[in-house]
S.K.: 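Attaching a single structure in structure tokens format; questions to follow.
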Amino acid sequence: MAVTQPTESGRRGRKAKAPKPADTVQIPRRVWMATLVLLVAAFMELMDVTMANVAIPSIQQDLGASYGQVQWVVAGYALAFSVGLLTGGRLGDIFGRRRMFLAGLIGFMATSAMCALAPNPDVLVTARVLQGLTAAVMLPQVLASISVWFPEEKREAAFGLVGAVSGLGGLTAPLIGGSLINANLFGEHWRPIFMINVPIGLITLIAALKLVDESHAPRRLSLDPVGTLIGGAGVFLVVFPVIQGRDAGWPAWVWVMLAASLPVLALFVAVERAKTRKDGSPLVDLALFRDRSFATALAVTLVFFAGVTAIAFTVEVFLQSGFSYSAFRAGVALVPLAFGLIVGSGLSIGLSQKLGRTVLQVGALVSIGGVLWLASVVGGHTSDLSGWTIVAPLLVTGIGLGLFVAPLNDLVLKGAPPESAGSASGLQSTMIQAGSAIGVAVLGVILFNGIGDGADAASAKTAGTLTRNLVAAGLPGDQAAKVAAASATCFHDQAKATDPTVVPASCAGDPAALPPAARQAVATAATAAVRDDFAGSMKTTLAWDAGVFAAAGALVFLLPKRRRAVQEAAAGN
């Protein structure tokens, strides 16, 4: 494969051709085909993360899993993935990006099969942790390979595809996962969402063996086991409490772990400096942070992806828990967001060449506009919400996200030298995961706290109507008032609960004691209160999410105004 930056050939794979002058470089078709192969694997991994969320109720019912166990089906993967990304990226620099991609892909297929065949929750959680580790080996090689295959001035199209695939994988997963679960293939319920990775992975593996060529760091690097352990511990101390904090009620140990991460990460920096002086082979090349563009782009990545992942998460919860959408229907409702992201990624290719960093700010502004529009729509539909009502604001939001994501990938990696492409890719992926975890945790707290805080006001709006309907159903006035008060207490306790699988004591009464018409009146009032409560909290949460995108857009001002390649080309003319 022809590459555009000098790389050393691995002991396996084909040798890279010598680079050509930038103005005569033509990207061969084979390079594009190899890029698409890598993106299929990235799509598979990104899709798998979200599909597990959709499958939680089915897993819980089929395996008899506890609430804590099903939490770890999702959290175990995310944690292992986050901790392993730095090491995975550096392994590609050392042993070859093709080799580590293939190893990660094979491991991902094997652990996916292990998930699909899991006989009990403990095996499933173990398999998900291992699956996260294999994904951490596979995924950094995608961005690292693209960064060395394409010259700086030719990367926009490739990273535009990466941005489109990122959005498509994460946002269509509920649709695909919901379809597979609803189809109940071979009577296996949730298991096909993992097993489907095996045939897709095999096809990708065969194509990768034929099309993906090897690339290494230009100079020989060595492993950094001490840095790996300390760096992994530092990431763990940040990501684990963020993932588990809300459901645990933010106890003291969460804050202790977060505080402990600071000295551990400081120790990691010291160890990496010592490793650099010793043999120049640290896990993370600290010299990368001397490039203002790289360091700032990492910070932008952290903040921006806090908003991206949080909006998908909160909209899913809002539609399913607030308005009783099925997983499949909620997935369909998010399709405009995914489609908009694809469109925005395509538009960013040309705009980033013309506008430089400004295209990121345009993307942030469009995202803010879409999110605030969605908040307005949600606030105006507190009793009923059609999927068609939110199509336009989600589409606009997606376009804004696409305009931002694709150029951001390029900005992170453009300053990384070839020997640190994998390290830089691992750092970026780590920032994406950390930002996603923080965004879901923080905006999830805002959403759920808002639901709890607004419960009494929402039930109060329905109290008068409920009492009248209960009297109309044949209940004496005093009994109707007691039933309405009991319903309000139950609603309050449910809204404040952190574990939805536990029925509050206030909700444990026997509804069969009421006449059918009275039971229907209570159910109707509860539905109205839930929708009003969720709509109010969602409106507030979306306003905060818009603030996150505004913060990301503000950080963009710290980036260089123009891409260096554009400046050099202009100077040459």
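Computed from a prediction, not measured in an experiment: that's the story for all the values here.
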S.K.: Judged by atom type as modelled, is there a donor-acceptor pair below 3.5 Å linking the side chain of Thr314 to the main-chain atoms of Ile311?
M.R.: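 Side chain of Thr314 to backbone of Ile311: a pair is present.
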S.K.: Report yes if some heavy atom in the side chain of Val284 is under 4.5 Å from a heavy atom in the side chain of Leu427; otherwise report no.
M.R.: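 SC-SC contact between Val284 and Leu427 confirmed.
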S.K.: Among Leu46, Thr204, Val142, which residue satisfies the side-chain contact (heavy atoms from CB on, under 4.5 Å) criterion with Leu39?
M.R.: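 By the side-chain contact (heavy atoms from CB on, under 4.5 Å) criterion, Leu39 pairs with just one of Leu46, Thr204, Val142: Val142.
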S.K.: What pair of heavy atoms forms the shortest contact from Cys115 to Arg191, and how long is it?
M.R.: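 Here Cys115 and Arg191 meet closest at O-NH1, 4.4 Å.
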S.K.: Could you report the tightest heavy-atom contact between Leu258 and Val238, atom names first, then the distance?
M.R.: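 Looking at all heavy atoms of both residues, the shortest contact is CD2-O, 3.7 Å.
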S.K.: If you round to the nearest 0.5 Å, how far is CG of Leu558 from OG of Ser293?
M.R.: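 So the gap between those two atoms works out to 11.0 Å.
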S.K.: Determine whether Leu347 and Val343 make a side-chain contact, defined as any pair of heavy atoms from C-beta on separated by less than 4.5 Å.
M.R.: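 They are in contact (side-chain heavy atoms under 4.5 Å apart), so the answer is yes.
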S.K.: Report yes if some heavy atom in the side chain of Phe108 is under 4.5 Å from a heavy atom in the side chain of Val137; otherwise report no.
M.R.: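 The answer is no, as the side chains (C-beta and beyond) never meet within the 4.5 Å cut-off.
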S.K.: Determine whether a donor-acceptor pair (N or O, by modelled atom type, separation under 3.5 Å) exists between the side chain of Ser376 and the backbone of Leu372.
M.R.: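 Not at all, since once roles are kept as given, no pair shorter than 3.5 Å links the two residues.
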S.K.: Would you say the side-chain atoms of Ser487 pair up with the backbone N or O of Ala484, donor to acceptor, closer than 3.5 Å?
M.R.: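 Here the side-chain-to-backbone pair does not exist.
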S.K.: Do Gln141 and Leu38 touch side chain to side chain, with heavy atoms closer than 4.5 Å?
M.R.: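 They are not in side-chain contact.
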S.K.: With rounding to the nearest 0.5 Å, note down the distance linking CZ in Arg531 to CE in Met538.
M.R.: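 The CE atom of Met538 is 15.5 Å from CZ of Arg531, to the nearest 0.5 Å.
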S.K.: Under the side chain to side chain donor-acceptor pair (under 3.5 Å) rule, what do Ser429 and Gln433 come out as? Steps first, then yes or no, please.
M.R.: CA-CA 6 Å; Ser429 297; Gln433 292 303 308; over 6 Å; no
S.K.: Working to the nearest 0.5 Å, report the span between CG of Leu408 and CG of Leu298.
M.R.: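 Reported to 0.5 Å precision, the distance equals 9.0 Å.
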S.K.: Between OG of Ser82 and CD1 of Ile432, what distance do you get to the nearest 0.5 Å?
M.R.: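 Rounded to the nearest 0.5 Å, the OG-CD1 separation comes to 10.5 Å.
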S.K.: What is the distance from atom CD1 of Ile451 to atom OG of Ser321, rounded to the nearest 0.5 Å?
M.R.: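 Reported value, rounded in 0.5 Å steps: 7.5 Å.
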S.K.: Side chain of Ser112, backbone of Val198: donor and acceptor closer than 3.5 Å?
M.R.: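 Such a contact is absent between Ser112 side chain and Val198 backbone.
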S.K.: Under 4.5 Å between any side-chain heavy atoms of Leu443 and Phe313, yes or no?
M.R.: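 No, every pair of side-chain atoms sits at 4.5 Å or beyond.
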S.K.: Identify the heavy atoms of Phe294 and Ala424 that sit nearest to each other, and give their distance.
M.R.: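 Scanning both residues, the minimum pair turns out to be CE1-CB, 3.8 Å.
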S.K.: Search all heavy atoms of Tyr325 against all heavy atoms of Ala333 and return the closest pair with its distance.
M.R.: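 Heavy-atom minimum between the residues: CE2-CB, 4.4 Å.
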S.K.: Just by modelled atom types, is the Leu447 backbone N or O under 3.5 Å from a matching donor or acceptor in the Ser537 side chain?
M.R.: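 Side chain of Ser537 to backbone of Leu447, a donor-acceptor pair under 3.5 Å: yes, one is there.
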S.K.: Could you walk me through whether Leu79 and Trp72 pass side-chain contact (heavy atoms from CB on, under 4.5 Å), step by step?
M.R.: CA-CA 9 Å; Leu79 187 62; Trp72 272 100; 4.0 Å; yes
S.K.: Keeping the roles fixed (side chain from Arg128, backbone from Val73), state whether a donor-acceptor pair exists under 3.5 Å.
M.R.: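 The answer is yes, because a donor-acceptor pair under 3.5 Å joins these two groups.
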S.K.: Evaluate the criterion side-chain contact (heavy atoms from CB on, under 4.5 Å) for residue pair Val548 and Asp545; output intermediate values, then yes/no.
M.R.: CA-CA 5 Å; Val548 173; Asp545 200 28; 4.3 Å; yes
S.K.: Under 6.0 Å from the CZ atom of Phe339, do we count more than 12 heavy atoms belonging to anything else shown?
M.R.: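 Not more than 12 within 6.0 Å, no.
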S.K.: Hey, does the side chain of Thr309 reach the backbone of Phe305 with a donor-acceptor pair shorter than 3.5 angstrom?
M.R.: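 Answer holds: yes.
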S.K.: Would you say Thr465's side chain and Thr462's backbone share a donor-acceptor pair under 3.5 angstrom?
M.R.: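 Answer holds: no.
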S.K.: Quick check: closest heavy atoms across Pro336 and Val332, and the distance to 0.1 Å?
M.R.: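 That closest heavy-atom pairing would be CD-O, 3.7 Å.
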S.K.: Consider ring-ring contact (aromatic ring centres under 6.0 Å, His included). Of Phe404, Phe304, Trp544, which one does Phe549 pass it with?
M.R.: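 Output: one option passes, namely Phe304.
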S.K.: Let me confirm one number: the CD1-CZ distance from Ile390 to Phe318, rounded to the nearest 0.5 Å.
M.R.: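 It is 7.5 Å, given to the nearest 0.5 Å.
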S.K.: Contact between Gln494 and Val530 at the side-chain level, heavy atoms closer than 4.5 Å - yes or no?
M.R.: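 SC-SC contact between Gln494 and Val530 ruled out.
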S.K.: Could you tell me which non-hydrogen atom of Ala458 sits nearest to which non-hydrogen atom of Asp533, and how far apart they are?
M.R.: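 Reported closest heavy-atom pair: CB-CB, 3.7 Å.
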